[in-house]
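Since the structure comes first, as structure tokens, the remarks are kept for the end.
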Amino acid sequence: MTVNEELIARPLLSDDPQAPLAIDGGAPVRDTPWPTYDKGAVFVEPEDEEAAIRAIRSHLFFRYDYRAYAETECGQFEQELCDYFGTRHALAVTSGTAALALAIMAAGIPAGSLIACPGFTFVATPSAIVMAGCRPVLIEVTEDLHLDLADLRRRWTPEIKAIMVVHMRGFASDVEALADFAAEMGVPLFEDAVPALGAELNGRKLGTFGLAGGFSTQSDKSLNSGEGGFLLTDDDALYARAVVLAGAYEGRVARHFPDGPHPLDTDLALPLLSLRMDEIRAALLRSELVRLPLRLACFHRNYDYVAQALADVEGISIRQPVAAGAYLGEAFIFRVPGGALNGNAQWFADALCAEGIDARNLGSARDANVRAFWNWRFLFPGAEVDEIKAGLPVTTGFLEDAVDVALSSTLEAADCDHLITAVRRIARALDDRAGAVSELPPQ
Ligand SMILES: *Cc1c(COP(=O)(O)O)cnc(C)c1O
């Protein structure tokens, strides 16, 4: 039996249709915390700890000391990333946001330029654009929360000098079509592949479709060093500039090109932003990279199990990938169509929380989720929320209808069964609730 078959063969929890929901005072589906990284549910093994300890004991914490590039943890990590992703270059840095900002700056996008990005992403994406001195232009997303190419075409202006696509919550955007469009417009495409580290679209790793891809190794991502990130590119000049900007001063950029001259005339034309990775984290990440395929298989197994078991549930619409298997599987997102109007999407998330499963209504009016663009107030000084929402009405509606549940790679079959049972029960109750709401007297 494969792991998948074993999981699917397990009987579901008893599912008494008469039992009241936890939100209505019934017994919850589970009484232990939902496993998430911030409660310590991480994919770390003793060999990873040992790797970090070895680096600590070496007392060589800085990547640019007397050693040759290939002898450092950072250098070896970068080489292993190149092998894993099939790219010419990788640069380890301090965060995903730093990787994205470095990509924009190193590509030579002039400060003040507009850069298109989706209206559904983590706040770090528009922040990286701002950090690079540019201005984000927000684009609508489709009902499956992927950047909408038709809307990008509609909003296009010649002032847009780059496109930043995001594989949000681990789902691939239609990056092949977006790369074609970027080529047609003559601008570079960057990928915020942070939430999709290791996921593929049609057999190709996300983060390798554009001029450069940015990744994070913050604790919630597929590789976890607390904080950290890296940049991938095949472009020699972009890479060399990113290396210098990140903090390879006084000719240290040459160490990244051990086989020949580096492509910069001088490294003094660029500021030094000190966004380097250290040796301890690189050692930890190198060890984790060995077991990344196993972790990816766990994500996929859990996601596929949950999504298959809930595919027939009425009243919810599960986020669909742009191609078969084109997701990491770190999050289960569905919409409760019309759920914003009658409050059902917020209620669904609340009901899941009451059952013991952490869930959020992405467009909640209650919690200021930084994945909803109207909460990026730094982009809209002085504007009211309703005004901001009016700029992307389609995305607003989809986010207000959406419910988001994190799926840790450490979930066990019983955890998945709890989620399945809870969603089924709550969706059933949705019918009654919808009836109750429509019987309310008009206001
Ligand atoms: C986590 C995340 C980032 C930021 O990564 P940091 O390492 O925390 O800077 C950027 N973009 C997306 C879509 C993310 O999910």
Side-chain angles (χ1 to χ4, degrees), residues 36-38 42 77 81 90-105 115-132 134 136 138-139 141 145-147 162-173 175 178 189-199 206-207 209-210 212-232 242 246 273-278 281-282 284-285 288 299 319 327-333 360 362 369-373 375-376 378-379 395 399 402 404-409:
T36 51
Y37 81 95
D38 54 351
V42 292
F77 178 48
L81 288 172
L91 176 65
V93 295
T94 48
S95 73
T97 308
L100 296 171
L102 280 171
I104 297 168
M105 288 185 274
I115 298 185
C117 79
F120 172 51
T121 179
F122 190 65
V123 64
T125 314
S127 300
I129 293 172
V130 169
M131 191 174 166
C134 297
L138 305 186
I139 308 297
V141 297
L145 307 178
H146 309 306
L147 194 151
I163 300 167
M164 176 74 76
V165 60
V166 185
H167 306 300
M168 188 52 178
R169 294 305 261 153
F171 272 61
S173 278
V175 64
L178 287 163
L189 179 79
F190 300 109
E191 283 177 275
D192 179 343
V194 165
L197 201 171
L206 298 174
F209 287 83
F215 294 82
S216 166
T217 62
Q218 180 266 348
S219 291
D220 196 20
K221 323 293 180 179
S222 321
L223 292 172
N224 164 14
S225 58
E227 302 285 358
F230 58 90
L231 175 81
L232 301 178
L273 304 174
S274 271
L275 303 171
R276 297 170 299 258
M277 180 166 279
D278 60 84
R281 278 185 244 191
L284 179 59
L285 291 167
E288 290 178 3
F299 274 129
R319 186 182 189 196
Y327 47 79
L328 182 68
E330 54 133 18
F332 181 65
I333 297 183
R360 291 176 87 177
L362 281 171
N369 193 320
V370 294
R371 293 154 195 85
F373 67 92
N375 292 321
W376 307 338
F378 58 94
L379 292 182
T395 301
L399 292 181
D404 181 22
V405 181
L407 296 187
S408 165
S409 59

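Just so you know, ligand 1 is whichever comes first in the structure, and atom 1 is the first atom listed for that ligand. Model, not experiment: these values are computed from the prediction.
Heavy-atom proximity to Gly228, at under 4.0 Å, picks out these atoms of ligand 1: 7 (O). Of all the atoms in ligand 1, the ones that sit under 4.0 Å from a non-hydrogen atom of Thr121 are 13 (C). Using a 4.0 Å cut-off to heavy atoms of Ser216, the atoms of ligand 1 that qualify are 5 (O), 6 (P), 7 (O). Of all the atoms in ligand 1, the ones that sit under 4.0 Å from a non-hydrogen atom of Ser95 are 7 (O), 9 (O). Less than 4.0 angstrom separates some heavy atom of Pro195 from each of these atoms of ligand 1: 13 (C), 15 (O). Numbered from 1 in the order shown, with element, the atoms of ligand 1 that lie under 4.0 Å from a heavy atom of Ala124 read 3 (C), 4 (C), 10 (C).
For the pair Ile104 and Ile129, the minimum side-chain heavy-atom distance is below 4.5 Å. Between Asn224 and Gln218, the closest side-chain pair of non-hydrogen atoms is not below 4.5 Å.
For the pair Arg319 and Phe171, the cation-pi criterion (under 6.0 Å, within 45° of the ring axis) is fulfilled.
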For residues 90-102, which side-chain N or O atoms pair as donor and acceptor with protein atoms under 3.5 Å away, sequence neighbours left out?
residue : atom : partner : partner atom : Å
Ser95   : OG   : Thr97   : N            : 3.4
Ser95   : OG   : Ala98   : N            : 2.9

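The shortest N or O to N or O distance between Gly96 and ligand 1 is under 3.5 Å. At least one N/O-N/O distance between Thr97 and ligand 1 falls below 3.5 Å.
Considering only residues two or more places apart in sequence or on other chains, Thr125 meets the side chain to side chain donor-acceptor pair (under 3.5 Å) condition with Thr121, Asp192.
At a heavy-atom distance under 4.0 Å, no atom of Glu227 approaches ligand 1. Proximity of Asp192 to ligand 1, defined as any heavy-atom pair under 4.0 Å, is confined to the side chain (atoms from C-beta onward). If you look at Asp220 next to ligand 1, there are no close heavy atoms at all, none under 4.0 Å.
Of all heavy-atom pairs between Ala331 and Asp404, the closest is CB-OD1, 3.8 Å. The two residues Val165 and Leu189 come nearest to each other via the heavy atoms CG1-CD1, 4.1 Å.
Looking only at heavy atoms of the protein, atom 15 (O) of ligand 1 is closest to Lys221 NZ, 3.0 Å.
Taking the six-membered ring where tryptophan is involved, the planes of Phe77 and Phe230 are perpendicular, since the angle between them exceeds 60° and thus also 30°.
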